[in-house]
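Remember, it's 1-based here, ligands and their atoms both numbered in the order they're listed.
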Amino acid sequence: MVKICCIGAGYVGGPTMAVIALNCPDIEVVVVDISKPRIEAWNSDQLPIYEPGLDDVVKQCRGRNLFFSTDVEKHVAEADIIFVSVNTPTKTRGLGAGKAADLTYWESAARMIADVSKSDKIVVEKSTVPVKTAEAIEKILTHNSKGINYQILSNPEFLAEGTAIEDLFKPDRVLIGGRETPEGRKAVQALKNVYAHWVPEDRILTTNLWSAELSKLAANAFLAQRISSVNAISALCEATGANVSEVAYAVGKDSRIGPKFLNASVGFGGSCFQKDILNLVYICECNGLPEVANYWKQVIKINDYQKSRFVNRVVSSMFNTVAGKKIAVLGFAFKKDTGDTRETPAIDVCKGLLGDKAQINIYDPQVTEDQIQRDLAMNKFDWDHPMHLQPASPSAVKQVSVVWDAYEATKGAHGICILTEWDEFKTLDYQKIFDNMQKPAFVFDGRNIVDGEKLREIGFIVYSIGKPLDAWLKDMPAVA
Ligand code: UDX
Ligand code: UDX
Ligand code: ADP
């Protein structure tokens, strides 16, 4: 029986291994992590991450051929294939601070593998890492090899949160990069055999190591670039009276461009896009390519601009001040169907409103009060350090309260900011909400999910990203 061990039981490692275990009953899969609470949660009825369909998959194979353990060394020693899916935060100090990936967790995982291994291993990079990380890892392993043969593969994961299980069952492609030697090819084939249990052969692509590593950074950069492109156009739409939904639809009808991933928003979030682009930028700079670095930097600049533009719109339309005003924030997660708040635009928008002394009432169906308070107290880039290193209970931000109902959040509010596109926000009783708000009552829709016309009929002043502006908003221009 082939044995797989995955180091890191996070958003990537957990769901990916669960789906491998379900599809490969002949393989034993053990997911290990240094965080005891995380492993306990994976072994309980309350999994540590919210992901539609995940509970069901875990229930079917946990205890059968899927196990979660803190006994990292034992399971690494026993495995044939080791996936490494640990955190790769952005460095906050030293060389490359604010850009380069911090490979501390990766390096310590590699040294541990070298320490405990007694048989040949295939080591698979699963977390997104800078190009040429595989080479560095290979050096650590071979310099400490004690005669053991290690093959390093890059197998980046392309799942998106909220649809992780669907994406894992039906991936657009599985990418495996390896050394172009007989041993390298054999290792690639071994990993291919795992995926071939459920993924059609023509969707499993094999490349050299560097291509696989760079493809992941490039794919995320292209996706983020689409959002920054449509968001840049949204600002122009507001200035000219065009409607960004109509423009995006017309543009996406060109089969060379395609219709997906063109929703204007308050900005993209999530653990990958910004981090991976910063990484790409840093690699370009290190390779003497400042023009290329500057090109990609602009994607992040537009994203930051979009978030501050949104805050400015809120403040300017409420007579240039929100001090002491109650603002309801609906949605805090970085997208719907996840409880994940890493790099969510809601953090920047809330911090912006707090900077103007607003009183904020937040409701999100999947994010806890503790998480929101942590996020608002945390410094940039601190979020990607393992949970046990984060402060246990930061002092709560006093102007923020977290409630468990959208009606409660909006009661007595001057304005509403919709920051995550949760389906339930589309079907709220907005008449009831309007009746319980201060007047004039504002809705700032950062996800374009409500029907602006219907809300205007009720009496709201409505701002939707990239849509023609109400007379009120035209009279109160926002300076970005
Ligand atoms: C992304 C990639 O999609 C995935 O392939 C990769 O493996 C990890 O990074 P994820 O961050 O989980 O996945 O979610 P994604 O659906 O890509 O959304 C990222 C952000 O972009 C979210 O904040 C989302 O709201 C925003 N977004 C997405 C838009 O603003 N508009 C869109 O049209 C699409
Ligand atoms: C373009 C648009 O495609 C068309 O819809 C619009 O109406 C007019 O502008 P055109 O300039 O005739 O059409 O040709 P196109 O095929 O778009 O190529 C433009 C340039 O991009 C060419 O120099 C082409 O060689 C280059 N190109 C195109 C690339 O370098 N790489 C590609 O992948 C595609
Ligand atoms: P991702 O979104 O890429 O899955 P996460 O932060 O959700 O990232 O998960 C990474 C996990 O890796 C965390 O649970 C962390 O505790 C774990 N981890 C980090 N370093 C090690 C290590 N050396 N050994 C075992 N687990 C580790």
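- For Ser127 and Trp106, the side-chain atoms include at least one donor-acceptor pair closer than 3.5 Å.
- Close N/O approach between Ser35 and ligand 3 is not found [any backbone or side-chain N/O within under 3.5 Å].
- Counting only non-hydrogen atoms, the option in Asp33, Thr16, Ile49 that gets closest to atom 14 (O) of ligand 3 is Asp33.
- Residue contact check: Ile7 has heavy atoms under 4.0 Å from atoms 24 (N), 25 (C), 26 (N) of ligand 3.
- With ligand atoms numbered from 1 in the order given, ligand 3 contributes 20 (N) to contacts under 4.0 Å with heavy atoms of Tyr105.
- Under 3.5 Å, the side chains of Ser119 and Lys121 contain a donor-acceptor pair of N or O atoms.
- With respect to Glu166 and Lys170, no salt bridge is recorded, no charged nitrogen being found less than 4.0 Å from a carboxylate O.
- Geometrically, ligand 3 and Ser271 share no nitrogen or oxygen pair separated by less than 3.5 Å.
- A donor and an acceptor atom, one from each side chain of Ser234 and Arg309, are located under 3.5 Å apart.
- Applying the 6.0 Å contact sphere to CD of Glu135 captures more than 12 heavy atoms from other residues, nucleotides or ligands.
- Between the choices Trp106, Tyr11, Trp42, the shortest heavy-atom distance to atom 7 (O) of ligand 3 belongs to Tyr11.
- Between the side chains of Tyr11 and Glu157, no donor N or O sits under 3.5 Å from an acceptor N or O.
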Please give the N or O to N or O pairs under 3.5 Å between ligand 1 and the protein, distances rounded to 0.1 Å.
unit_1	atom_1	unit_2	atom_2	d
ligand 1	5 (O)	Phe158	O	2.7
ligand 1	7 (O)	Glu157	O	3.3
ligand 1	7 (O)	Phe158	O	3.4
ligand 1	7 (O)	Leu159	O	2.8
ligand 1	7 (O)	Lys216	NZ	3.3
ligand 1	12 (O)	Glu161	N	2.7
ligand 1	14 (O)	Lys335	NZ	3.2
ligand 1	16 (O)	Lys335	NZ	2.7
ligand 1	23 (O)	Gly269	N	2.9
ligand 1	23 (O)	Phe334	O	2.7
ligand 1	25 (O)	Phe334	O	3.4
ligand 1	25 (O)	Arg447	NH1	2.6
ligand 1	30 (O)	Ser265	OG	2.6
ligand 1	31 (N)	Asn263	O	2.9
ligand 1	33 (O)	Leu262	N	3.4
ligand 1	33 (O)	Asn263	N	2.9

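- Counted by atom type alone, Thr368 and Asp370 present zero donor-acceptor pairs between their side chains at under 3.5 Å.
- Looking at Lys36 and Thr70, their side chains never bring a donor and an acceptor atom within 3.5 Å of each other.
- Applying the 4.0 Å criterion to heavy atoms of Gly10 picks out, from ligand 3, the atoms 4 (O), 5 (P), 7 (O), 9 (O).
- Interface atoms of ligand 3 facing Asn87, defined by a heavy-atom separation under 4.0 Å, are 6 (O), 10 (C), 11 (C), 12 (O), 13 (C), 15 (C), 17 (C), 18 (N), 19 (C).
- A cation-pi arrangement is not found for Arg62 relative to Phe68, the charged atom failing to lie both closer than 6.0 Å to the ring centre and inside a 45° cone about the ring normal.
- Atom NZ of Lys351 has more than 12 neighbouring heavy atoms from other residues, nucleotides or ligands inside a 6.0 Å radius.
- A side-chain donor from one of Gln371 and Asp375 sits under 3.5 Å from a side-chain acceptor of the other.
- In terms of heavy atoms, Pro48 sits closest to Arg38 at CG-O, 4.0 Å.
- Here the shortest heavy-atom distance to atom 22 (C) of ligand 3, taken over Ile34, Asp340, Val31, belongs to Ile34.
- Remark: ligand 3 and Val12 share an N or O pair separated by less than 3.5 Å (distance only, no angle test).
- An N or O contact shorter than 3.5 Å links Arg256 to ligand 2 by distance.
- Remark: ligand 3 atoms within the under-4.0 Å shell around heavy atoms of Ser108 are 23 (N).
- Residue contact check for ligand 3: Arg342 places a non-hydrogen atom closer than 4.0 Å to it.
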